[in-house]
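Beneath this line is the structure, given in structure tokens, with notes to follow.
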Amino acid sequence: MVHSAPQQSALAPAAVFDWLDEAADLRAAAGLTRTLRSRPADDPVLDLASNDYLGLVHHPAVTGAAAEAALRWGGGSTGSRLVTGTTALHTELEDELAAFCGFEAALVFSSGYAANLAALTALTDPDTVIVSDAYNHASLIDGCRLSRSDVRRAPHSDPAAVREILAERTHRRALVVSDSVFSVDGNAAPLREHSAAAREFGAALLVDDAHGLGVLGPGGSGALAAAGLAGEPDTVATVTLSKSLGSQGGAVLGPRRVIRHLTETARTFIFDTGLAPAAVGAALGALRLLRAEPERAERARYVARTLADRLRAEGLHASEPDAAVVSVRAPGPEAAVRWAADCRTAGLAVGCFRPPSVPDGISRLRLTARGDLTDTQIAEAVRVIAATAP
């Protein structure tokens with residue numbers, strides 16, 4: 001007996017997206033409404049909300065390099081990097097970034113998100129098991145979903161659990177995936193232990209160092225350099241150019257054969273327009289500035305520790321920072337939104353993290369410990385956050 005599909009009554013064109021309104025109402029009821037807010041170029045608030053860890057976004061060496069690149073190469077890269085979109089500037093950035101971070105080679109993408117998707121989809125297949133930290137960034141999670149691999153979710157920063165999953169594997173290949181510094185609380189992953197577990201079972205290690213580059217390691221060369229893993233033959237890193245380097249874009253760093261493979265197979269590289277020259281120039285300018293002034297990395301870590309210590313002294317629940325991120329717990333999502341709004345009214349911009357952006361379901365204020373903050377600005381930020389606390 002053949003069963004026909006149930007007949008659906010036709011919706012009026014105006015009703016096709018009515019379900020979106022229902023979904024928006026549910027988000028509003030849960031305190032999860034999100035809105036865009038334009039900011040002026042000369043916004044007077046003290047900014048602890050951005051990812052500008054070293055305070056380089058407006059540095060003349062960075063903006064000047066961006067302007068020079070745009071004037072020389074144009075407003076866009078003109079196409080896919082395999083067709084027309086690779087300039088000599090892209091190659092300079094890749095060579096200098098790889099050398100700075102201690103890897104054989106690098107490949108620049110239009111965003112850190114695209115870099116993570118590329119690494120996870122091009123370095124895996126259906127005969128691969130991916131062991132992914134439970135608190136990994138959304139771009140890593142999406143890359144795992146697109147990889148066609150068997151994805152196993154490991155408890156947060158638990159090398160023993162990673163080892164157990166790898167010990168049970170029946171797949172030909174395995175990949176351990178983790179952020180280096182987790183963006184919610186700013187805590188660092190146990191990279192040496194993850195590497196040891198991966199090597200014990202012949203797995204590769206992929207680390208998203210978005211929040212480590214420019215802050216951790218010698219002169220800001222990253223968390224993998226700090227862990228002694230940079231340049232290892234079984235280790236790949238992804239980074240973003242939009243945080244410490246004050247620009248936009250991302251990159252994958254690793255053995256030369258890994259970069260060759262990504263160039264020939266990664267869909268977010270082959271079919272995407274190359275990163276705009278201005279962004280490439282800005283990142284290169286910031287990288288050269290960091291190499292000339294390595295003390296900027298230590299300053300960012302100092303600001304983070306100082307913020308956390310002083311907020312705890314005010315009775316607030318602030319995280320212990322391993323890099324340049326400090327979070328302060330809020331009673332709930334609506335309280336976090338109000339707290340962030342009250343801070344802005346008082347002249348301080350802070351991040352507001354709520355579910356589903358936080359893997360543990362706890363709402364927070366997220367503070368960027370910018371390396372260019374003065375002691376006076378640090379004191380003012382602590383005062384405002386404490387005074388407006390729910």
May I ask you to say whether Arg257 pairs ionically with Glu104, meaning some side-chain N is under 4.0 Å from a carboxylate O?
-> no

Working for side chain to side chain donor-acceptor pair (under 3.5 Å), residues Asp309 and Thr306 | CA-CA 5 Å; Asp309 290 345; Thr306 302; 6.0 Å; no

With side chains defined as the heavy atoms from C-beta onward, is the minimum distance between Arg199 and Asp234 less than 4.5 Å?
-> yes

Please answer: with hydrophobic residues joined when any side-chain heavy atoms are less than 4.5 Å apart, are Leu229 and Val176 in the same cluster?
-> yes

Centroid-to-centroid, Phe182 to His211, below 6.0 Å?
-> no

Closest heavy-atom contact between Cys343 and Val350?
-> CB-CG2, 4.1 Å

Leu89 pairs by side chain to side chain contact (heavy atoms under 4.5 Å, CB included) with which of Leu93, Thr87, Thr91?
-> Thr87

Flag for Thr376-Thr374: side-chain donor and acceptor within less than 3.5 Å | no

Please determine, by modelled atom types, if Asp133 and His156 share a side-chain donor-acceptor pair under 3.5 angstrom.
-> yes

Flag side-chain contact, heavy atom, 4.5 Å: Ser77 against Thr273 = yes

Report the distance from atom OH of Tyr53 to atom CZ of Arg370, rounding to the nearest 0.5 Å.
-> 12.5 Å

Heavy-atom donor-acceptor pair, Thr345 side chain to Ala341 backbone, under 3.5 Å | yes

List the atom of Ser180, the atom of Gly212, and the distance in Å for their closest heavy-atom pair.
-> OG-N, 4.0 Å

side-chain hydrogen bond (donor to acceptor under 3.5 Å, both in side chains) partners of residues 107-127, not counting sequence neighbours, each pair once = Ser110-Asp272, Tyr113-Asp142, Asn116-Ser139, Asn116-Asp208, Asn116-Thr238, Thr124-Ser149, Asp125-Thr128, Asp125-Arg173

Counterpart residues, side chain to side chain donor-acceptor pair (under 3.5 Å), relative to Trp73 (two or more places apart) = none

Indicate, with yes or no, if Val108 and Ile259 share a hydrophobic cluster defined by side-chain heavy-atom contacts under 4.5 Å among Ile, Leu, Val, Met, Phe, Trp and Tyr.
-> no

If you group Ile, Leu, Val, Met, Phe, Trp and Tyr by side-chain heavy-atom gaps below 4.5 Å, do Val184 and Leu307 land in one group?
-> no

Any chance you could lay out the side chain to side chain contact (heavy atoms under 4.5 Å, CB included) test for Leu107 and Thr263, step after step, and finish with the verdict?
-> CA-CA 8 Å; Leu107 190 65; Thr263 303; 3.7 Å; yes

For residues 322-336, run the donor-acceptor check on the side chains, cut-off 3.5 Å, and write out each pair with its distance to 0.1 Å, sequence neighbours left out.
| unit_1 | atom_1 | unit_2 | atom_2 | d |
| --- | --- | --- | --- | --- |
| Asp322 | OD2 | Ala188 | N | 2.7 |
| Ser327 | OG | Asp185 | OD1 | 2.3 |

Verdict with reasoning, Leu26 to Glu22, per side chain to side chain contact (heavy atoms under 4.5 Å, CB included) = CA-CA 6 Å; Leu26 290 174; Glu22 297 169 4; 5.7 Å; no

Before accepting this row, confirm whether a basic side-chain N of the pair Asp375/Arg299 lies closer than 4.0 Å to the acidic partner's carboxylate O.
-> yes

SB check Arg288 Glu92 (cutoff 4.0 Å) = yes

With a 4.5 Å heavy-atom cut-off, do Ile385 and Leu316 have their side chains touching?
-> yes

To the nearest 0.5 angstrom, please state how far the CG atom of Leu166 sits from the NE2 atom of His171.
-> 11.0 Å

Minimum-distance pair of heavy atoms, taken over all atoms of Leu224 and Ala237 | CD1-CB, 3.2 Å

Run the side chain to side chain donor-acceptor pair (under 3.5 Å) check on Thr388 and Asp342 step by step: do they pass?
-> CA-CA 6 Å; Thr388 57; Asp342 289 343; 5.9 Å; no

Treat each ILVMFWY residue as a node, draw an edge where side-chain heavy atoms are under 4.5 Å apart, and state whether Phe100 and Leu245 are in one component.
-> yes

Any chance you could measure Ile270, atom CD1, to Arg267, atom CZ, to the nearest 0.5 Å?
-> 8.0 Å

If we only count heavy atoms from C-beta on, is the Leu290 to Pro294 side-chain gap below 4.5 Å?
-> no

Point-to-point distance, once rounded to the nearest 0.5 Å, from CZ of Arg312 to OG of Ser319 | 7.5 Å

Shortest non-hydrogen contact from Thr268 toward Ala118 | OG1-CB, 3.2 Å

Take Phe269 and Leu262 through the side chain to side chain contact (heavy atoms under 4.5 Å, CB included) test and state the conclusion after the steps.
-> CA-CA 8 Å; Phe269 180 81; Leu262 292 177; over 6 Å; no

Check whether any side-chain heavy atom of Leu120 sits under 4.5 Å from a side-chain heavy atom of Leu175, and report yes or no.
-> yes

For Glu68, does the CD atom have more than 12 heavy-atom neighbours from other residues, nucleotides or ligands under 6.0 Å away?
-> no

Can you tell me how far the CG atom of Asp209 sits from the CG atom of Leu253, to the nearest 0.5 Å?
-> 9.0 Å

Identify the residue among Glu193, Glu200, Arg152, His194 that makes a side chain to side chain contact (heavy atoms under 4.5 Å, CB included) with Val162.
-> His194

Supply the atom-to-atom distance Leu275 CG to Leu241 CG, rounded to the nearest 0.5 angstrom.
-> 6.5 Å

Lys/Arg N to Asp/Glu carboxylate O, Glu94 vs Arg81, below 4.0 Å | yes

Looking at Glu295, Arg301, Arg296, which hits side chain to side chain contact (heavy atoms under 4.5 Å, CB included) with Glu298?
-> Arg301

Do Arg366 and Asn51 get their side chains close enough for a donor-acceptor pair, meaning under 3.5 Å?
-> yes

Of all the heavy-atom pairs spanning Leu213 and Ser244, show the shortest one and how long it is.
-> O-OG, 2.7 Å

Any side-chain heavy atom of Leu20 sitting closer than 4.5 Å to one from Asp18?
-> no

Among the clusters formed by ILVMFWY side chains lying less than 4.5 Å apart, do Val236 and Leu97 turn up in the same one?
-> no

Check for a donor-acceptor pair, side chain of Arg169 on one end and backbone N or O of Arg172 on the other, with a separation under 3.5 Å.
-> yes

So do the side chains of Ser242 and Ser247 get within less than 4.5 Å of each other, counting heavy atoms only?
-> no

Closest heavy-atom contact between Ser178 and Leu140?
-> C-CD1, 4.2 Å

Has Arg39 got more than 12 heavy atoms of other residues, nucleotides or ligands less than 6.0 Å from its CZ?
-> no

Hey, does the side chain of Asp150 reach the backbone of Pro126 with a donor-acceptor pair shorter than 3.5 angstrom?
-> no

Determine whether more than 12 heavy atoms belonging to other residues, nucleotides or ligands lie under 6.0 Å from atom CZ of Arg305.
-> yes

Counting N and O atoms only, with roles assigned by atom type, does the side chain of Arg354 sit under 3.5 Å from a partner on the main chain of Thr33, one being a donor and the other an acceptor?
-> yes

Do Leu54 and Lys243 come within less than 4.5 Å of each other through their side chains, counting heavy atoms only?
-> no

Polar side-chain atom of Ser195 near backbone of Leu205 as donor-acceptor pair, under 3.5 Å = no

